[in-house]
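Comments concern the structure below.
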Amino acid sequence: MENFDFYSPTHFVFGQDREDECGELAKKYGATKVLVHYGSGSAVRSGLIDRVTRSLDNAGIAHTELGGVKPNPRDTLVYEGIDICKKESVDLIIAVGGGSVIDSSKAIAAGVCYEGDFWDFYSGKAVIKKALPVASILTIAAAGSEGSPSSVITKEEGMVKRGTGSDLIRPVFSILDPKLTCTLPAYQTACGATDIMAHVFERYFTNTPEVEITDRLCEAVLLTMIKEVPRVIAQPDNYQARANIMWAGTVAHNDIVGVGRSQDWNSHGIEHELSGLYDCAHGAGLAVVMPAWMEFVYKHNVMRFAQMATRVFGCSMDFEDPQRTAVEGIKAFRRFLHSIGMPINFKELGAKPEDIPTLADNMKINGVRKGFVDLSRDDVCSILTIAANAEL
Ligand code: NZQ
Ligand code: ZN
């Protein structure tokens with residue numbers, strides 16, 4: 001195991017109707033004026049925004065609202081949010097929604113405290129040194145942004161999707177009410193589930209040996225997802241299954257299942273180009289990319305893939321031919337994704353094989369991209385070609 005720091009200071013408030021406590025929590029964290037930031041309508045339609053503003057009113061906290069965050073959140077709305085926060089002296093942003101709303105809130109929070117263009121944090125020109133506090137009320141189990149230090153924003157001009165990270169933008173508190181996720185359509189539920197599993201796999205495939213605790217935590221999250229996702233797709237109102245998935249989504253990405261070893265974020269890097277170019281759901285893009293990445297890299301450590309196959313997907317170990325077990329595990333993963341309604345190839349995703357060179361160029365790989373297996377631009381093209389043509 002490698003040395004590590006683990007710092008995850010978010011106060012998680014979990015359970016049914018806990019969003020009604022947001023006013024008191026905002027007060028506890030010193031807020032006097034809140035920006036309530038939300039998406040394209042689901043939180044208004046469900047009455048959640050009314051409940052949040054009522055709770056703030058009851059706590060005597062002033063507030064202003066900004067809706068309209070799109071999935072793959074855009075820079076244009078971030079600029080609007082920065083202006084509002086400056087004009088109205090906002091001192092806490094509450095994101096009500098999923099990863100897109102939380103990431104947009106994080107970008108606004110950092111942008112308000114910066115003299116230059118907030119995009120500098122995403123283009124790598126500047127590092128976040130100060131940010132307004134952000135809180136979240138989560139409505140979809142997926143990105144893990146409610147506990148992560150990351151934010152991913154898409155620049156409208158050219159549809160370039162880029163991420164940044166800082167502990168300064170980790171939410172100070174995140175309210176997780178599984179009941180709020182019961183209104184999710186099956187497709188969004190499955191996209192979120194795929195993202196959660198991908199966050200674990202990016203940490204599972206490591207070159208650091210003997211981090212048994214982290215392996216076992218990863219496997220626990222994956223097994224939970226395999227059990228609970230089909231249950232919520234069949235019964236969208238199943239509170240207990242929604243609760244397990246919601247907490248799985250948070251622990252999958254606050255790094256508790258990743259510490260002590262090297263990680264690999266290349267599937268995410270490749271996927272961000274797909275959702276940048278096609279504006280598809282991040283989880284759907286991962287469903288196409290991640291099994292293809294696995295097929296491309298598994299020979300680097302056949303036994304690790306065989307371990308995944310046996311412990312996570314229940315495949316039997318072929319001691320004569322572990323490679324066969326490894327391949328069976330990858331196939332089982334793709335079958336699982338298909339069974340929950342995810343696309344498995346370019347056609348099903350709505351992507352075009354002729355765009356593969358552009359997608360690889362957009363990653364701007366200079367030499368190699370580090371990971372479990374370092375990838376060159378040609379390797380990315382090979383992975384995307386596997387993804388384009390994948391079948392069950
Ligand atoms: O906008 P509304 O109307 O709310 O609809 C949303 C949206 O269309 C809908 N939705 C959310 N909660 C709902 C609901 N519909 C009905 N009932 C509910 N309770 O779901 C759709 C997707 O929402 P979005 O926020 O985009 O989903 P997700 O949480 O998957 O976030 C995706 C974004 O997060 C980024 C992704 O790249 C993508 O841009 N990521 C952020 C990460 C981070 N900050 O740590 C890590 C991830 O790897 C990821 O890259
Ligand atoms: Zn993700």
Side-chain angles (χ1 to χ4, degrees), residues 8 10 19 37-49 67-75 77 95-107 109 122 134 136-155 159-167 169-171 174 176-203 232 236-237 242 245-246 249-250 252-255 258 263 265-276 279-287 289-290:
S8 180
T10 303
E19 56 277 14
H37 197 30
Y38 56 92
S40 306
S42 74
V44 175
R45 285 193 300 277
S46 67
L48 178 59
I49 297 298
V69 179
K70 293 181 187 161
N72 301 318
R74 308 299 203 270
D75 61 335
L77 197 69
V96 185
S100 294
V101 177
I102 304 172
D103 285 4
S104 182
S105 301
K106 289 173 171 177
Y122 295 78
V134 174
S136 79
I137 299 174
L138 188 65
T139 62
I140 170 171
S145 188
E146 67 278 9
S148 86
S150 321
S151 162
V152 188
I153 299 291
T154 298
K155 197 178 185 47
M159 291 298 278
V160 184
K161 191 172 181 182
R162 293 288 175 265
T164 191
S166 165
D167 280 327
I169 55 173
R170 275 190 204 256
S174 282
L176 312 177
D177 175 357
K179 210 173 105 195
L180 297 178
T181 66
C182 292
T183 52
L184 277 168
Y187 182 75
Q188 287 299 342
T189 300
C191 286
T194 306
D195 195 17
I196 293 169
M197 294 178 79
H199 291 163
V200 178
F201 280 132
E202 302 276 33
R203 293 170 164 99
V232 292
D237 289 334
R242 290 277 185 195
I245 292 172
M246 197 167 215
T250 301
H253 202 43
N254 78 346
D255 216 25
Q263 303 181 6
W265 288 89
N266 282 330
S267 293
H268 265 69
I270 298 171
E271 192 297 312
H272 284 164
E273 299 307 336
L274 285 170
S275 48
D279 204 14
C280 58
H282 171 59
L286 284 168
V289 170
M290 188 150 241

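Whatever order the structure lists ligands and atoms in, that order sets their numbers, starting from 1.
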Which residue supplies the protein heavy atom nearest to [atom], what is that atom called, and how far is it?
atom: atom 12 (N) of ligand 1; result: T139 OG1, 2.8 Å
atom: atom 50 (O) of ligand 1; result: H272 NE2, 2.9 Å
atom: atom 22 (C) of ligand 1; result: Q188 OE1, 3.5 Å
atom: atom 13 (C) of ligand 1; result: L184 CD2, 3.4 Å
atom: atom 4 (O) of ligand 1; result: S42 OG, 2.7 Å
atom: atom 38 (C) of ligand 1; result: K161 NZ, 3.7 Å
atom: atom 30 (O) of ligand 1; result: A142 CB, 3.4 Å
atom: atom 47 (C) of ligand 1; result: H199 NE2, 3.4 Å

> Below 4.5 Å, heavy atoms only, C-beta onward: do S100 and P71 meet side chain to side chain?
Replying inline: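 S100 reaches P71 side chain to side chain.
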
>> Taking side-chain contact (heavy atoms from CB on, under 4.5 Å) as the criterion, tell me which of V134, V96, L77, I102 meets it with H37.
In response: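 That would be L77; it is the only one of V134, V96, L77, I102 passing the side-chain contact (heavy atoms from CB on, under 4.5 Å) with H37.
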
>> Going by side-chain contact (heavy atoms from CB on, under 4.5 Å), K161 matches just one of N72, I153, D279, L274. Which one?
In response: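 One option only clears the test, and that one is N72.
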
Decide whether an N or O pair under 3.5 Å exists between [X] and ligand 1.
X: G99; value: yes
X: K106; value: no
X: L180; value: yes
X: S100; value: yes
X: S150; value: yes
X: G41; value: yes

Using a strict 4.0 Å cut-off to heavy atoms of [X], name the atoms of ligand 1 that fall inside it.
X: V152; answer: 41 (C), 50 (O)
X: H268; answer: 48 (O)
X: G39; answer: 1 (O)
X: T183; answer: 16 (C), 17 (N), 18 (C), 19 (N)
X: P71; answer: 7 (C), 8 (O), 26 (O)

Can you tell me how far [atom2] of [Y] sits from [atom1] of [X], rounded to the nearest 0.5 angstrom?
X: H272; Y: R162; atom1: NE2; atom2: CZ; value: 10.0 Å
X: S105; Y: I169; atom1: OG; atom2: CD1; value: 10.5 Å
X: D237; Y: C182; atom1: CG; atom2: SG; value: 5.0 Å

Heavy-atom distances under 4.0 Å decide this one: backbone, side chain, both or neither, for [X] against ligand 1?
X: S40; answer: both
X: D103; answer: side chain
X: A281; answer: neither
X: S148; answer: side chain

We want to know whether [X] and [Y] form a side-chain donor-acceptor pair, criterion being a heavy-atom distance below 3.5 angstrom.
X: E271; Y: S275; result: yes
X: K106; Y: S145; result: yes
X: T10; Y: E146; result: no
X: T183; Y: S46; result: no
X: Y38; Y: T139; result: no

Shortest non-hydrogen contact from [X] toward [Y]:
X: C191; Y: A281; result: SG-CB, 3.7 Å
X: I196; Y: I245; result: CD1-O, 4.0 Å
X: G39; Y: V101; result: N-CG2, 3.7 Å

> Does the side-chain contact (heavy atoms from CB on, under 4.5 Å) test come out yes or no for V160 and T154, once each step is laid out?
Replying inline: CA-CA 5 Å; V160 184; T154 298; over 6 Å; no

> Between T164 and S151, does a side chain to side chain donor-acceptor pair (under 3.5 Å) hold up when you go through it step by step?
Replying inline: CA-CA 6 Å; T164 191; S151 162; over 6 Å; no

With a 4.0 Å cut-off on heavy atoms, is [X] touching ligand 1?
X: G163; value: no
X: E271; value: no
X: G97; value: no
X: K70; value: no

> Got a protein heavy atom sitting under 4.0 Å from atom 6 (C) of ligand 1?
Replying inline: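 Neighbour list for atom 6 (C) of ligand 1 is empty of protein heavy atoms (cut-off 4.0 Å).
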
>> In the complex you have, is atom 9 (C) of ligand 1 within reach of the protein, judged by whether a heavy-atom distance drops under 4.0 Å?
In response: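 So atom 9 (C) of ligand 1 lacks protein heavy-atom neighbours under 4.0 Å.
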
> Relative to each other, are the rings of H199 and H253 parallel, tilted or perpendicular (30° and 60° limits)?
Replying inline: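 Because their plane-to-plane angle is under 30°, the rings of H199 and H253 count as parallel.
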
> Would N266 and E202 count as a side chain to side chain donor-acceptor pair (under 3.5 Å) if you check the C-alpha gap in whole Å, the side-chain angles of each, and the deciding distance to 0.1 Å?
Replying inline: CA-CA 8 Å; N266 282 330; E202 302 276 33; over 6 Å; no

> Can you tell me if D195 has an N, O or S atom under 2.8 Å away from the Zn ion (ligand 2)?
Replying inline: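 An N, O or S atom of D195 is closer than 2.8 Å to the Zn ion (ligand 2), so yes.
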
> Of the choices G249, P73, A143, which has the non-hydrogen atom that lies closest to atom 40 (N) of ligand 1?
Replying inline: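 Result: the heavy atom closest to atom 40 (N) of ligand 1 is in A143.
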
>> Quick check for you: with the Zn ion (ligand 2) as the vertex, what angle do NE2 of H282 and NE2 of H268 span, to 10°?
In response: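 Taking the Zn ion (ligand 2) as the apex, the two atoms subtend 100°.
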
